[in-house]
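Below, read A as the first sequence line, B as the second, and so on, with proteins coming before strands; counting in each chain starts at 1.
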Amino acid sequence: MDLQSNLADKPKRFSTYFYIENEFFTADRETLRKITDLYYDLYGYGPHKYLIDTYHSWKSGYVSTSGQTMGRIIECVPRFLSDEKRFFILKNELIYFIETLHQKQQNKNATPFEINTLFENYAAQIENFNQSNLPYMVGKRIFTSEEIEQFLLVCKYVLLERLNLSYMQVQNDLILFKNKISKVNSGVFKASYHVDFLNSKIDLSNINDFHFDFTKLKQQEIIPNGTYKQFAEQYILEEFMQMNFSAKEGDVNYFVKSKDLDFFLDQYHQTKTKKNEAILTSEFIGEGGQLYLILEVKSLKKLRISFAYSVTRIFAYCLIIAYFINANHNSKYKTSNQPTVITMLLISIMSVSYLLYKEIMFLKNLKLDLKKYG
Amino acid sequence: MDNNQLTRFDNAKIIDIITKIPHLTENDIHELSLKVASDDVEIRKIALEKITQSQIAQHDLMTIMGELTALNKQGMYVKSKQTIKTGSGTFEIEMKGGDTKLIIPVLIILSVVIIAALVIVFWK
């Protein structure tokens, strides 16, 4: 079990209970004798006899162990497991608690201003994290508190290294995108970036107005020691190998993304020069996440024609309103049914005024579009 | 980071870490070095696949865009939607353009102006 695959998915929690139970039922004769001898020393003749008499029924599955009996077995069996197996239990138990820390940092929406804060807060959470909730293992003398603390430090170190790697990869992706998109007007595109490690989204639509000022996350050294030093070093090495692979894969993604982004923007500029209208949508897998980009091209000629139409319509509406107002005051149109006529004229004036208002709003938007796409 | 070329994969750092770890036997070190080399091969394979995919996608799109441009030049109004899969994701372009017989809107504008003028003249 490694940290990366657990952080990516949400696997079932490792069960120390079932692991130790399995070890108990698959122990060789000599080990089983030692376990039962310890069981006798700790719990006396009665429980020991019950254990011996019921062992085969438990093993075959005819009878299940009670909670009390299993608790006693859990206290005895780990003392006769190899260091490797004991470390396996410790590793899986602690990684579960590290995952709960990681899950709390996921699924956030941020702006470019908040990127540093996002990563710095997570780093601070890692540093302060002490909740392993494994005192029952200390109580049952499966592990000492020092052993738990030492491996917790190793897990925190590995998580911090992964966070640093993700932060560096996100920086590279965002700097690349900003450099490429700088020649495109703001407002013409919508963009967002999904950070893989944090499963969080950053809105980049206003990236041209933003100046990146990345900080450096805290890094720490670690010197594994204690009973499980050798296994901890092995674990760190496995994690480093995976991070090394991720970093190289990130380099490949960066390179390919850069070329694809160049091509994408090239298509945008070509479409613009051809005076066509287009919507270009793309997603790019980068080093540390995915970039989603939508670019819109509008025909300036069409915008100008729409502008001319709009002005003409406004002029026509003004003329109509003026005509109705004039008709209202003109004696030629006075009839016996004057109130009805006046009411109808007023309704007509209000309707045309509403159309005039809508047209003015439309014209304002056209002006903005001309400024944006011009 | 250079946009224009993939950097050479430098395994010196990870090999250095491997050799500095005590308790590793010669066999362990050898196995790990093989794993590093194997990862390198895997990365190169991924890189080649992605680069090839991008190049094919770009070539296909440019061919289609060329044909659309030719249609535009023939005086046709074209509406198209293309989706391609590149090495780094997907790319979709929805485009419309071409000759829309702009004389018609010009005539409409002229008509409106004439009608407005008539209204003003016959108003009194």
| Can you tell me how far NZ of B:K81 sits from CD1 of A:I279, rounded to the nearest 0.5 angstrom? | 9.0 Å

| Any idea which of A:K229, A:Q230, A:E233 has the most non-hydrogen atom pairs under 4.5 angstrom with chain B? | A:E233

| message | Return the OG to CZ distance between B:S88 and A:F263, rounded to the nearest 0.5 Å. | response | 11.5 Å

| remark: The interface call for B:L32 against chain A, heavy-atom contacts under 4.5 Å, is both

| query | Any side-chain heavy atom of A:M241 within less than 4.5 Å of one from B:K35? | reply | yes

| said: Please classify the contact between A:Y268 and chain B as side chain, backbone, both or neither, with a heavy-atom cut-off of under 4.5 Å. | reply: neither

| query | Are more than 12 heavy atoms from other residues, nucleotides or ligands located less than 6.0 Å from atom CD of A:E84? | reply | no

| request: State, with a plain yes or no, whether a side-chain heavy atom of A:Q267 is found less than 4.5 Å away from one of B:M65. | output: yes

| query | Rounded to the nearest 0.5 Å, how far does CD of B:E94 lie from OG1 of A:T271? | reply | 12.5 Å

| Side-chain heavy-atom pair B:T86, A:F264 within 4.5 angstrom cut-off | no

| Heavy-atom side-chain proximity of A:D260 to B:F91 below 4.5 angstrom | no

| query | Any side-chain heavy atom of B:I43 sitting closer than 4.5 Å to one from A:D251? | reply | no

| request: For B:S54 and A:V256, work out which heavy atoms get closest and say how close. | output: OG-CG1, 3.6 Å

| Heavy-atom side-chain contact between B:D39 and A:K248 under 4.5 Å | no

| message | Just checking A:H269: does its NE2 atom have more than 12 heavy atoms from other residues, nucleotides or ligands closer to it than 6.0 angstrom? | response | yes

| Side chain proximity check, A:N253 to B:K50, heavy atoms < 4.5 angstrom | yes

| query | So how far is it from A:L280 CG to B:M95 CE, rounded to the nearest 0.5 Å? | reply | 9.5 Å

| message | Would you compute the distance between atom CD1 of B:I93 and atom CG of A:L295 and round it to the nearest 0.5 angstrom? | response | 10.0 Å

| query | What option among A:I320, A:T312, A:I294, A:L237 has the most heavy-atom pairs under 4.5 Å with chain B? | reply | A:L237

| task | Answer with side chain, backbone, both or neither: which region of A:Q290 has an atom nearer than 4.5 Å to a non-hydrogen atom of chain B? | result | neither

